[in-house]
Number of protein chains: 2
Amino acid sequence: MLHDSLMDSGTQSPRPAQDIGTPDVGQRIRRLRKERGISLSELARRAGIGKATLSGLENGTRNPTLETLWAVTAQLGVPLTLALGTGPTIQGTAVEAVLLQVFEDEAVTYELYRLTIPAGSTQVSPAHHEGVTEHITVFAGVLSAGPQDAPLRAGAGEHLTWRSDVPHIYSAIGAQDVHASLLIRYPRH
Amino acid sequence: MLHDSLMDSGTQSPRPAQDIGTPDVGQRIRRLRKERGISLSELARRAGIGKATLSGLENGTRNPTLETLWAVTAQLGVPLTLALGTGPTIQGTAVEAVLLQVFEDEAVTYELYRLTIPAGSTQVSPAHHEGVTEHITVFAGVLSAGPQDAPLRAGAGEHLTWRSDVPHIYSAIGAQDVHASLLIRYPRH
DNA sequence: GACGGCCGTTCCGTAAACGGAACGGACGCA
DNA sequence: TGCGTCCGTTCCGTTTACGGAACGGCCGTC
């Protein structure tokens with residue numbers, strides 16, 4: 001189901017296939033730390049862990065413990081989620097979609113994605129099964145999305161919904177990357 | 001900002017204040033495993049880890065390694081995010097809101113939450129600053145939410161938006177818990 | 001009611017993540 | 001130019017998470 005969604009027909013910028021399953025947590029931690037303008041030593045001290053541990057974590061030479069990650073992310077004031085980056089990413093296409101949550105009840109499955117579309121890119125996805133709907137809320141940029149022959153447009157803060165049982169597209173219009181959340185709703189067929 | 005949002009005036013079911021920072025990952029893993037109807041031994045074998053390791057993880061007697069968590073969640077087919085639950089959870093209220101993502105650009109901050117409201121519960125939140133808007137997509141249950149004096153209603157698959165610069169409420173109507181995604185949009189003041 | 005199969009837990013030796021200390025490098029200053 | 005301070009990395013002994021094997025418990029079957 002996950003891979004039915006968005007995988008096909010990207011028209012630009014196939015990004016380097018990074019290893020699923022080994023997200024670079026270290027790089028993210030380092031970036032978060034730098035953003036806050038604090039040194040490795042200082043963060044280690046505040047988090048109550050060794051400098052060696054933090055150094056190894058950031059450089060990816062250690063395989064950190066959950067406890068260690070908690071100590072660090074808590075001190076940085078971010079959810080673990082953010083540091084882990086998380087989730088299977090659909091790749092090799094114009095659109096990057098990171099799966100954040102799956103919710104299932106007896107009748108419906110929902111998948112919630114964090115969506116990034118590089119400026120100027122367009123992606124076409126084939127029709128889903130009947131009854132599948134998509135809901136997008138745009139964070140930034142201008143998005144054109146929906147049925148291929150009649151796409152809708154939304155800017156930051158706006159929301160789109162369409163039935164995705166027809167071929168549909170996602171485009172980032174203008175000079176800005178599009179960031180959005182995408183919810184796909186699959187009724188049990 | 002995070003704690004301005006939802007913290008106040010819960011009217012029911014203050015949940016036992018579990019430790020932030022030590023979410024019971026083990027319980028979640030165990031639940032996910034049971035849902036799939038597979039045994040501990042089987043999951044350990046598939047994930048390529050020891051039974052002892054998985055047993056310790058589920059019972060919370062070990063402090064698992066990131067690598068171990070990856071192996072298990074990948075095998076369960078869920079994003080790590082889901083197993084960790086995690087992120088700062090706003091508690092002691094009717095609503096449980098788990099922060100999944102924060103997105104900032106020059107003009108706006110977005111916070112994306114996974115929302116759970118127990119059946120029959122109601123929660124009131126005070127007004128936010130002017131310009132703040134909220135966007136909810138309902139996964140399951142029936143939600144009544146929006147300005148306190150004129151709430152809107154949405155069922156599974158539907159979407160609500162309102163300006164949250166007035167006091168607003170969230171209610172789970174009927175016998176079913178409400179699951180939803182909540183996006184809060186904060187323009188730079 | 002003995003037996004085999006599978007369950008989840010416990011035991012145990014090994015590998016590795018941990019924190020503290022030592023290290024070399026970069027910078028500011030007398 | 002020598003000295004003090006702080007940076008991030010490396011070294012090293014200790015702690016602990018790891019997987020394999022052994023264990024007791026619970027059911028089927030014969």
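In what follows, every chain begins at residue 1, and chains take the letters A, B, ... in the order their sequences are listed. No hydrogens, no waters, no symmetry mates; every other heavy atom, side chains included, goes into these values.
A/R33 comes within 4.0 angstrom of the backbone, heavy atoms only, and of no base. In this structure, B/R30 reaches the sugar-phosphate backbone alone: every heavy-atom distance under 4.0 Å involves primed, P, OP1 or OP2 atoms, never a base.
Contact annotation: B/S55 side-chain N/O to C/dG8 OP1/OP2 distance is not under 4.0 Å. One finds no side-chain N or O of A/S41 lying less than 4.0 angstrom from the OP1 or OP2 phosphate oxygen of D/dC6.
Summarising the hydrophobic clusters (Ile, Leu, Val, Met, Phe, Trp, Tyr; side-chain heavy atoms under 4.5 Å, direct or chained), the residues clustered with B/V166 are none. B/I173 forms part of a hydrophobic cluster together with B/V142, judged by ILVMFWY side-chain heavy-atom separations under 4.5 Å.
Comparing B/I38 and B/T65 by the nucleotide of DNA chain C whose heavy atom lies nearest to each, the residue mapping closer to the 5' end is B/I38. Positionally, the nearest nucleotide of DNA chain C for B/K34 lies more toward the 5' end than for the other of B/K34 and B/E67.
For the side-chain contact (heavy atoms from CB on, under 4.5 Å) test, no residue two or more places apart in sequence or in another chain qualifies with B/A74. Taking B/D165 as the reference, B/R163 meet the salt bridge (Lys or Arg N to Asp or Glu O under 4.0 Å) condition, with sequence neighbours excluded. Listed by chain and number, the residues in a side-chain hydrogen bond (donor to acceptor under 3.5 Å, both in side chains) with B/R153 amount to none (sequence neighbours excluded). In this structure, the side-chain hydrogen bond (donor to acceptor under 3.5 Å, both in side chains) partners of B/R30, at least two apart in sequence or on a different chain, are B/E58, B/N59. Residues forming a side-chain hydrogen bond (donor to acceptor under 3.5 Å, both in side chains) with A/T161 (at least two apart in sequence, or on another chain): A/H135, A/H159. Remark: B/A52 engages B/R62 in a side-chain contact (heavy atoms from CB on, under 4.5 Å) (not counting sequence neighbours). Under the rule for a side-chain hydrogen bond (donor to acceptor under 3.5 Å, both in side chains), the partners of B/E42 that lie at least two apart in sequence or sit in another chain are B/R45, B/R46.
Atom CD of A/E67 has 12 or fewer neighbouring heavy atoms from other residues, nucleotides or ligands inside a 6.0 Å radius.
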Short N/O separations, protein against nucleotides 19-23 of chain C, under 3.5 angstrom:
residue : atom : partner : partner atom : Å
C/dG19  : OP2  : A/G50   : N            : 3.0
C/dG19  : OP2  : A/T53   : OG1          : 2.0
C/dG19  : O6   : A/R62   : NH2          : 3.4

What's touching nucleotides 24-26 of chain C from the protein side, N or O pairs under 3.5 Å?
none

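When rounded to the nearest whole Å, the span between CD of B/E58 and P of C/dT10 equals 13 Å.
Axis deviation across the helix from C/dG4-D/dC27 to C/dA30-D/dT1 amounts to 10°, comparing end segments of five pairs, rounded to 10 degrees.
For the pair B/T73 (side chain) and B/L69 (backbone), a donor-acceptor distance under 3.5 Å is present.
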